[in-house]
Each structure stands twice: as C-alpha cells, then as structure tokens.
Amino acid sequence: MESFNTNEVLVRYQQLNNSFEKKLTFHLGANAGFFSEFNNMVFAILYCLKNKIKFSLYSKGGNLAHIKGWQDYFLPFCEETKFFLHKRYNRRAYQMENAKIWPPVLLRSLTGNDYLTQDIWDSFRTREFESTSFTIPELGIFNSTLPNAAKTIVEMLWRYNEPAATYIKEYKESVVLPDNFISMHIRAGDKTKENEIYNVENYMQETVKSGLSKNIFVLTDDYRSIKELRNNYPSWNFLTLCQPSEQGYIHAEFLQLSKRDKYLRLLKLMASIDICASSEHFIGTYSSGPGNYLAMRMGEEKCTGIDYKKWLLW
C-alpha cells in the first residue's frame, strides 16, 4: 500500500475534492468551541470524500474568526467563500430546526451548492458513521477506522499560517520541557454543565498505571487544578501554559472577548495541543474536544481516556 507525505496528501486531496460534481459549503465557527468546530469539520470532510461531494469552506463570519477565519490560523486547503448569507442560513442542523425553509433554498441556488452544513450534519453525527470503514487510495487510506482515517486529514489540515506560527512558537518556547514527559487535559469551566467532571485523582491513577515519566504537561483552563496537583503530588513535575488568573473556560464569556483576545487565546491553546501531541502518552477525556482531537492526531495507542475505554465520535 502506497503512503504519502503531508504535502503529497494535500495535493492529492485537492485534486480528488475538485473532481466531484456535487458541492457542499461547510460553516466553520457556527456555534461551538474550537475543537468541536475543527473535529466536526474533519468528520464532514471524510463524509464528503465517502460520498463524492466537493468540500468548500465558509469561516470569515464564524465565532472563531479574527480577520479571515480559517486562514487566521492555518494555510488554505480548499476553496473558500466569504458570502455573508452563509453566516445566518448555513449552520448546524439543530440551529436550523425552527428556521424558514426558503432562505437556505435561495442560498443554495445563489451559491451553486447542493448541500449546506445542516443538510449533512445528522448524517455524520451517528454511530453508523463512527463505525464506517474508509478506503480512499488517493490519500493512502485503506480499510481504516474513523479515527485512523481522520488522522490523515488532521495532519493535512494542521499547517499554521503566519503570524500564527510565530506566536505559537513563542508560546511553546515559554515552557522548558524535559526530554521525556507525558501530558493530560483537565477541563473545568462550562464542561461541568455538559459532562461528568473528573477530579485530579482520576487522572493521576491512570498516570501512575502507565509507569511512564513523572514529568507531566497539563493542558487546563483552570489554574486551581495545577495548584491541586502540585500540592497533592509534590514529587511530580507539572508544567503548563495556564496562568494563575485562569479559573475555567466559559464559552459564553469567551465569545464576549475582543477578536484580538480570542485570537491569542486560541493560539495559546494550539501551542498547548502541540506540546501534548509531542508527549509520550496523553491522558484525558474522549468526550472533550481536545481529547477527541488528540486521539485522532496521536493515535489511540498513545492515549488513555478516563471517561471511555475507546475513542468515540463526540
């Protein structure tokens, strides 16, 4: 079976994607936090490849945009549109449940789209899709599970643009990492309303079981978790980019920040994610966006979930 480097995958993806007749424009930044948006875009790309639909992107008016949208952070990978009506009428399916029928119909007609985000959303958010086997020889994907196929797409997409790359490099260089370390993600904030929140002992139990390094990089939005870890496990070395002023991510509060502040916070998150991805092993929750993403990027064999034994579509 032939394999390709990331640049080759990108070129081959663009050729394959542009060969499809039917077209979708996907709205990135329609509703949720960064990794919910990113992960679902990856699933949508795979759905489109499976069903021979040309994938294009709208992100300029999304809630994660600084100036351009996707290209504020990453290099382009597909056709992009700035057409303003996508912001209102091209959204996740549950956001369009009570919407009038004719505006999306008009939007499809005006833009030449066969599908908008809401048209395929429920099709790739299923256990059936989660269990799908993917064979896309053009990209070196053969009989792959969803997370394994997603790994190829993630690697293709995760290419920083400037000046994002410079900022992220500075964030990563602000922490001195040992040669060997593991990583964990502890999420608090508004996740307490969505999912079960695990205490630091749950994470440390899995860390001890792993028998790996006692150097741990911690991705968290609540500095109180860092203080608790250092107090309860003084012989371990905990590293983080989280600042003492941070006490839990609240998405509604994040959306109220200036575009500049949102941009810098997301760049710091990406720096932390890169550090986690370079660790020997990751411990977190598959029901969180970052944990779900890292299992796709690193491979399930290098990840441990404390909420679920195996990766699942979330």
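Remember, predicted model here, so these are calculated numbers, not experimental data.
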Between the main-chain N or O of Ile182 and the side-chain N or O of Glu280, is there a donor-acceptor pair closer than 3.5 Å?
-> no
Would you please classify the geometry between the Tyr47 ring and the Phe124 ring as parallel, tilted or perpendicular, with 30° and 60° separating the classes?
-> tilted
Ion pair present between Asp114 and Arg108, side-chain N to carboxylate O less than 4.0 angstrom?
-> no
CZ/Phe181: more than 12 non-hydrogen atoms of other groups inside 6.0 Å = yes
Just by modelled atom types, is the Val218 backbone N or O under 3.5 Å from a matching donor or acceptor in the Thr240 side chain?
-> yes
Step through the shown structure and confirm whether more than 12 heavy atoms of other residues, nucleotides or ligands are within 6.0 Å of CD on Glu301.
-> yes
Looking just at side-chain N and O atoms, do Trp158 and Asp274 make a donor-acceptor pair shorter than 3.5 Å?
-> yes
What heavy-atom pair brings Gln71 and Asn161 nearest, and what distance separates the two atoms?
-> O-ND2, 3.1 Å
Please determine, by modelled atom types, if Asn180 and Ser213 share a side-chain donor-acceptor pair under 3.5 angstrom.
-> no
Measure centre to centre between the rings of Phe74 and Tyr160, then say whether the value is under 6.0 Å.
-> yes
Is the shortest distance from a Lys or Arg side-chain nitrogen in Arg92 or Glu97 to a carboxylate oxygen in the other one below 4.0 Å?
-> no
Taking all atoms of both residues into account, what is the closest heavy-atom pair of Phe26 and Thr117, and its distance?
-> CA-OG1, 3.5 Å
Quick one: sort the Trp314 and Tyr308 rings into parallel, tilted or perpendicular, breaks at 30° and 60°.
-> tilted
State, to 0.1 Å, how close Ala277 and Arg297 come at their nearest heavy-atom pair, and which atoms those are.
-> CB-NE, 3.4 Å
Tell me, please, whether Phe4 has Arg12 positioned over its six-membered ring: NZ or CZ under 6.0 Å from the ring centre and within 45 degrees of its axis?
-> yes
Spatial distance of atom CG (Asp307) from atom CG (Leu312) [nearest 0.5 Å] = 7.5 Å
Can the ring centres of Phe35 and Tyr293 be said to be less than 6.0 Å apart?
-> yes
Flag for Lys50-Thr132: side-chain donor and acceptor within less than 3.5 Å | no
Any sub-3.5 Å donor-acceptor pair from Asn202's side-chain atoms to Asn199's backbone N or O?
-> yes
Does a side-chain heavy-atom distance below 4.5 Å link Gln95 with His27?
-> no
Just by distance, with hydrogens left out, do Thr207 and Ser210 show a side-chain donor and acceptor under 3.5 Å apart?
-> no
Between Glu130 and Thr126: side-chain donor-acceptor atoms closer than 3.5 Å | no
Over 12 non-hydrogen atoms of neighbours within 6.0 angstrom of CD in Glu128 | no
Under 3.5 Å side-chain donor-acceptor pair for Thr25 and Thr81 = no
For Ser59 and Ala65, work out which heavy atoms get closest and say how close.
-> O-CB, 3.6 Å
Taking it one step at a time, do Lys23 and Glu79 satisfy salt bridge (Lys or Arg N to Asp or Glu O under 4.0 Å)?
-> CA-CA 11 Å; Lys23 181 182 175 182; Glu79 178 185 302; 2.9 Å; yes
Is Asn39 reaching over with its side chain to a backbone N or O of Gly289, donor-acceptor style, under 3.5 angstrom?
-> yes
Find the distance between OH (Tyr171) and NZ (Lys268) and round it off to the nearest 0.5 Å.
-> 6.5 Å
Is a salt bridge present between Glu173 and Lys169, judged by a nitrogen-to-oxygen distance below 4.0 Å?
-> yes
Thr220-His185 side chain donor-acceptor pair, cut-off 3.5 Å = no
Counting only heavy atoms not in Arg159, do more than 12 sit closer than 6.0 Å to its CZ atom?
-> yes
When every non-hydrogen atom of Leu116 is compared with those of Tyr89, the smallest separation belongs to CD1-O, 3.7 Å
Considering residues, nucleotides and ligands other than Ile101, do more than 12 of their heavy atoms fall under 6.0 Å from its CD1?
-> no
Do the side chain of Glu37 and the main chain of Leu28 share a donor and acceptor less than 3.5 angstrom apart?
-> no
Pair Lys227 + Asp222: basic N to acidic O under 4.0 Å = no
Does the pair Glu80/Lys68 count as a salt bridge with the N-to-O cut at 4.0 Å?
-> no
Taking Asn18 for the side chain and Gln15 for the main chain, is one N or O donor matched with an acceptor at less than 3.5 Å?
-> no
Does Lys302 count as lying over the ring of Phe282, i.e. NZ or CZ under 6.0 Å from the six-ring centre, within 45 degrees of the axis?
-> no
Say whether, by atom type as modelled, one donor and one acceptor occur between the side chain of Glu138 and the main chain of Tyr13 under 3.5 angstrom.
-> no
